[in-house]
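As structure tokens, the structure follows; a few thoughts come after it.
For the numbers below, each heavy atom of this structure counts, side chains included, while hydrogens, waters and symmetry mates do not. In this chain, numbering begins with 1 at the start of the sequence shown. Everything numeric here is computed off the predicted structure, so don't read it as measured data.
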Amino acid sequence: MPEQPMARPAGPSLSADPRARARARQEPYLQGLVRALARWPLPVLHVLGGIIGWCIAQTPNRQRRNALINLALHRPDLGTRELIRLRNRSLSAFGRTYCEMGRLWLRPPADVLGLIRDVRGAELLRRDDGRGLIVLSPHLGAWELAGLYLAAQGPTTIFYKPQRRLDQLILEARRRSGAQLAPTTARGVRALVQGLAAGEYAGILPDQEPRADKGATFAPLFGLPALTMVLVNRLARKSGARVIFMFAERLPRARGYRIHCLPAPDGIDSDDDATAAAALNLGIERCIAVCPEQYLWPYRRFRRRPPGQGRVYIGSLRDYDAIERARRLLRAARSDADAR
């Protein structure tokens with residue numbers, strides 16, 4: 001009998017996806033770059049990151065445009081030149097964020113935690129009543145350091161979205177101080193619930209766009225509706241846990257970092273998803289107000305829009321056009337609110 005061909009596994013294979021193959025080829029080089037940067041002193045990394053950010057700011061590109069649109073939504077009170085200056089500073093911080101990550105991921109935890117110069121609001125991290133604590137860390141400042149610091153305070157489960165690149169390296173880095181990583185799946189949610197029931201910490205990045213509509217609702221952020229997770233209020237109600245915000249501010253001239261802990265706005269544990277999502281976004285805005293130039297402004301936070309509303313990140317790459325795009329969106333949002 002002729003030899004039968006082997007059955008192919010169901011679903012797309014790595015060899016069938018050119019982008020997956022390209023990522024697999026790039027992975028060793030990316031890991032090598034990250035490990036090399038981890039050996040450099042922090043001042044050198046911040047200088048390098050500032051230069052990279054300056055280059056991004058000087059060349060028309062989508063990241064530069066998207067950052068300016070988001071900033072114009074966040075600060076409609078600023079004039080054109082002030083917005084551009086703030087955008088340029090934020091892109092310098094953007095470069096520092098990614099240049100320093102290798103050092104934060106791969107250096108011994110004691111060395112990394114030794115870079116923390118001050119902790120403001122540390123009393124909010126106490127769990128004296130035995131209840132779990134939900135800690136929300138936006139993409140602000142050195143969020144990898146914030147997660148490492150949280151895990152050093154006690155048993156912690158961190159909600160984790162698998163990455164297309166450097167996933168295994170990131171997993172190992174985040175686990176090295178004892179944190180448990182819970183994937184963004186039903187199994188991961190169960191791990192968060194179990195940890196909170198045991199009186200532990202649960203770390204969540206609250207400003208990512210949720211994958212599924214059933215776990216999200218539109219709520220105002222910078223004056224526009226943003227698709228926002230409802231996991232936090234549901235976890236808080238189910239477990240009885242408190243909710244706070246925490247982030248690591250990068251200090252000037254590579255002098256280290258300052259941890260900020262802020263109370264969550266009222267209503268973040270509401271049984272009404274829209275009320276809770278609005279409170280969550282208000283808490284994010286309050287964190288950003290502390291060091292606005294260190295937020296991840298190039299992220300397309302408003303990529304998904306309510307039905308019938310126009311796309312945000314389109315149009316010319318010119319600065320003035322990007323600002324005018326944001327202003328038109330805000331005017332439209334106010335008109336819709338007035339009509340209701």
Side-chain angles (χ1 to χ4, degrees), residues 33-35 37-50 52-53 90 92-122 124-125 133-161 163 166-167 169-182 201-208 244-262 283-284 286-288 290-297 299:
L33 176 61
V34 169
R35 294 183 188 281
L37 290 175
R39 301 189 183 98
W40 292 17
L42 192 63
V44 175
L45 293 172
H46 283 183
V47 169
L48 175 62
I52 292 172
S90 77
S92 290
F94 175 72
R96 294 184 185 103
T97 295
Y98 286 95
C99 283
E100 75 188 5
M101 273 190 179
R103 191 171 181 88
L104 300 181
W105 282 335
L106 299 177
R107 302 290 293 180
D111 291 356
V112 177
L113 294 172
L115 296 170
I116 297 171
R117 307 303 179 209
D118 183 24
V119 180
R120 297 186 177 179
L124 293 173
L125 285 167
L133 184 65
I134 300 170
V135 181
L136 306 178
S137 295
H139 288 87
L140 178 64
W143 58 83
E144 294 292 343
L145 176 58
L148 189 68
Y149 176 77
L150 178 63
Q153 308 312 303
T156 300
T157 301
I158 295 177
F159 208 40
Y160 173 74
K161 180 180 178 180
Q163 303 297 301
L166 300 176
D167 187 67
L169 185 149
I170 296 171
L171 282 171
E172 293 172 2
R174 292 180 176 177
R175 286 171 175 155
R176 73 192 197 280
S177 64
Q180 301 296 315
L181 275 292
Y201 295 111
I204 299 174
L205 288 164
D207 53 346
Q208 297 183 105
I244 69 166
F245 285 82
M246 185 179 76
F247 62 94
E249 176 189 6
R250 187 180 302 105
L251 298 176
R253 297 182 293 280
R255 289 189 286 113
Y257 303 86
R258 175 181 292 125
I259 299 290
H260 294 266
C261 300
L262 280 65
I284 293 170
R286 288 176 178 174
C287 292
I288 292 171
V290 175
C291 49
E293 70 283 355
Q294 295 187 27
Y295 189 60
L296 189 65
W297 293 112
Y299 180 57

Taking side chain as C-beta onward, heavy atoms only, is [X] less than 4.5 Å from [Y]?
| X | Y | answer |
| --- | --- | --- |
| Trp143 | Asp207 | no |
| Tyr299 | His139 | no |
| Val47 | Trp40 | no |
| Leu42 | Tyr257 | yes |

Testing the basics here: between [X] and [Y], what is the closest heavy-atom pair and its distance to 0.1 Å?
| X | Y | answer |
| --- | --- | --- |
| Cys287 | Leu140 | O-CD2, 3.4 Å |
| Ile259 | Ala248 | CD1-CB, 3.7 Å |
| Pro138 | Met246 | CD-O, 3.8 Å |
| Ala93 | Glu293 | CB-O, 3.4 Å |
| Gly102 | Ala38 | O-CB, 3.4 Å |
| Cys261 | Gly121 | CB-O, 3.2 Å |

Any idea how Phe247 and His260 line up, ring-wise: parallel (<30°), tilted (30 to 60°), or perpendicular (>60°)?
parallel
Working to the nearest 0.5 Å, report the span between [atom1] of [X] and [atom2] of [Y].
| X | Y | atom1 | atom2 | result |
| --- | --- | --- | --- | --- |
| Ile204 | Thr157 | CD1 | OG1 | 10.0 Å |
| Leu148 | Trp105 | CG | CH2 | 13.0 Å |
| Leu133 | Leu150 | CG | CG | 8.0 Å |
| Arg103 | Glu144 | CZ | CD | 15.5 Å |
| Met101 | Leu45 | CE | CG | 12.5 Å |
| Leu113 | Ser177 | CG | OG | 7.0 Å |

Backbone of [Y] reached by a side-chain donor or acceptor of [X] within 3.5 Å:
| X | Y | value |
| --- | --- | --- |
| Arg117 | Arg255 | yes |
| Glu100 | Ala142 | no |
| Arg175 | Glu172 | no |
| Thr156 | Gly154 | yes |
| Tyr201 | Ala179 | no |
| Gln163 | Lys161 | yes |

Given side-chain contact (heavy atoms from CB on, under 4.5 Å), test Leu169 with Arg35 step by step and report yes or no.
CA-CA 10 Å; Leu169 185 149; Arg35 294 183 188 281; 3.9 Å; yes
Report the C-alpha distance between Phe159 and Leu205 in whole Å, list the side-chain angles of each, state the deciding distance to 0.1 Å, and finish with yes or no for side-chain contact (heavy atoms from CB on, under 4.5 Å).
CA-CA 8 Å; Phe159 208 40; Leu205 288 164; over 6 Å; no
For the pair Thr97 and Leu296, evaluate side-chain contact (heavy atoms from CB on, under 4.5 Å) and give the outcome as yes or no after the intermediate values.
CA-CA 9 Å; Thr97 295; Leu296 189 65; 5.8 Å; no
Ile288: partners by side-chain contact (heavy atoms from CB on, under 4.5 Å), with sequence neighbours left out
His74, Phe222, Ile284, Pro292, Tyr295, Trp297
One pair to check against side-chain contact (heavy atoms from CB on, under 4.5 Å): Ile170 and Tyr160. What are the steps and the verdict?
CA-CA 10 Å; Ile170 296 171; Tyr160 173 74; 3.9 Å; yes
In short, salt bridge (charged side-chain N to carboxylate O under 4.0 Å, His left out) pairs touching residues 105-115 with sequence neighbours left out are Arg107-Asp111
